[in-house]
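Below is one structure; the comments refer to it alone.
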Amino acid sequence: MPDESSWWRSAVIYQIYVRSFADGNGDGTGDLDGVRGKLGYLADLGVDALWFTPWYPSPMADGGYDVADYRDISPMFGSLAAAEKLIDEAHGHGIRIIIDVVPNHCSTEHAWFKRALASKPGSEERQRFWFRPGRGPEEAEPPNNWQSIFGGPAWTRTTNADGTPGEWYLHLFAPEQPDFNWTNPVVAAEFEDILRFWFDRGVDGVRIDSVAVLVKEPTLADETPDSYTDRDGNHDIYRGWRRVAEEYPDKALIGEIWLPDAERFARYLRADELHVAFNFEFLCCAWDAGKLRAVVDRTLAAHKPVGAPATWVLSNHDVVRHVTRYGRADTSFDMADRRIGAPTDLELGRRRARAAALLTLALPGGAYLYQGEELGLAEVEDLPDEVRQDPIWARSEHTDRGRDGCRVPLPWSGSRQPYGFSPDGATAQPWLPQPESWGEQTVRAQEGRADSMLTLYSEILRLRHELTELGDGPMNWLPAAAGVLAFARGPEFACVVNVSGQPAELSDGEVLAASSSLVDGRLPADTAVWLRTRG
Ligand code: ISL
């Protein structure tokens, strides 16, 4: 059993979307050498670990979540040797490494799938996936009515070697992402081996993609609410993963679990399953004191019985950046309606995002930052449609503009594209165009500026390390005016967040950090402070 002080209980984990973080070789795409060159920046920022979105060989039909080989690095990003070097150097900076493992599906370019296509119906090769004959005359209809999470049917028909139409295969996501058949023990054994492959290379943890959809209803009947979501068989899979993790000291299994029911969510965090999981209820929550408080309470209540720490997350590579979300009239996030182009007050969004950073980093447990949030980047909502790469855009028949707007390459320096993302003299443009307005938001422009988002993040991350009462541990709510959230971490620390829309009185205490300046000793609207209170 990991002890109470295990690193992942309190860690601040910074998500690197490799393709968009830093381009080391000038081809317009981020890569591992690019990341290695920025380890000093990440160490100065004060994060404890880096989570890399999939870095494996991939045709990039879904930004790398279509994995062709789980034991190698995409040539776009570098090589296995470059990854090993990066892991070592990050460790030298005291930064841990988390990789993304995608167990629900692979790429149609994965050797197993290619072999399955070349094999007969019913063959062992096909039983690693979900191949089925179609329904209706000439088997021309998909085997059931399941829809892909990205839109359109969840089945694609294959073509036999002689050119005739063949069986269908299941893909909950894009057609380039065939689902593994987790009832086949060969699949489970393969993934346990993949975990060991990376743990042996020094990786400290694994972010597990789409945790709750691995096991399917075995008859593949037409859709019911539990056809493929949160089936009990998933838990056996993660118990196996936990056993592998415990062959090593202090490895973390981090689940990507989108489930509306907090109790069902927490079942994945029982003592012999995953260690932690992303708190998407918090990510989706509106900027509203009552709603935020209720989410915090529900989160802590759900985690308590299983003894797992909570996590707090505001943004990631799948959702609208929270500066934009907080600047809209409706400040919640909804996967089914991204509201790209809704009227947005970015100044207000940034002000709230600053306050939300103080809130997030003071709550008990771990926290996840998405690259660029420390720069206060907004969603890029005006990407030309022809540059969009997210499969959601095409699969939704151009009704959902998808996730490219939060994946635009980061601005490091300079006043125009590529803003230091690529090295000087690079001829290739960044793989997604960067906005003309980003000159003020580069790392260089924000470093050393007292009022910048970057300075705020560095300051509160530094404080979070110094203040032993932050991270994992108890919290309790303090009395506060309507619309104000105030809570204590230990007898001498308080976080106060004014979500009321009006200035609020502030109790006595030394201000350790403030998201915006206080006015006449009062806490202005959309402002948060960390206070040293005296017993
Ligand atoms: O889209 C959803 C619900 O409508 C989510 O629950 C979805 O399952 C979740 O966002 C999964 O995301 C992860 O796997 C995807 C990949 O495209 C995402 O980038 C990744 O975070 C498929 O691998």
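We're numbering straight along the sequence, starting at 1. Computed from heavy atoms alone, side chains included, the values below leave out hydrogens, waters and symmetry copies. Since the structure is predicted, the reported quantities are computational estimates derived from the model, not experimental observations. Read the numbers this way: they start at 1 and go in the same order the structure lists the ligands and their atoms.
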Lys/Arg cation over aromatic Trp431: Arg19, 6.0 Å, 45° cone: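 Judged by the rule, Arg19 and Trp431 form a cation-pi pair.
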
Asn104, Asp209, Asp100 screened by side chain to side chain donor-acceptor pair (under 3.5 Å) with Tyr65, the one that passes: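 So the option named by the test is Asp100.
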
Aromatic plane relationship, Phe129 with Trp112 - under 30° parallel, 30 to 60° tilted, over 60° perpendicular: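 Taking Phe129 first and then Trp112, their aromatic rings stand perpendicular (interplane angle over 60°).
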
Pairs involving residues 291-314, ordered by first then second residue, that meet ring-ring contact (aromatic ring centres under 6.0 Å, His included) (sequence neighbours left out):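 For residues 291-314: Phe265-His303, Phe282-Trp312.
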
Exceeds 12 heavy-atom contacts within 6.0 angstrom, atom CD of Glu124: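 Not more than 12 within 6.0 Å, no.
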
Residues in contact with ligand 1, criterion: heavy atom under 4.0 Å: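 Heavy-atom contacts below 4.0 Å: Asp62, Tyr65, His105, Ile149, Phe150, Phe173, Gln177, Arg207, Asp209, Ser210, Glu256, Trp258, His317, Asp318, Met335, Arg403, Arg407.
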
Close side-chain approach of Trp51 and Tyr370, heavy atoms under 4.5 Å: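 A side-chain contact under 4.5 Å is absent here.
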
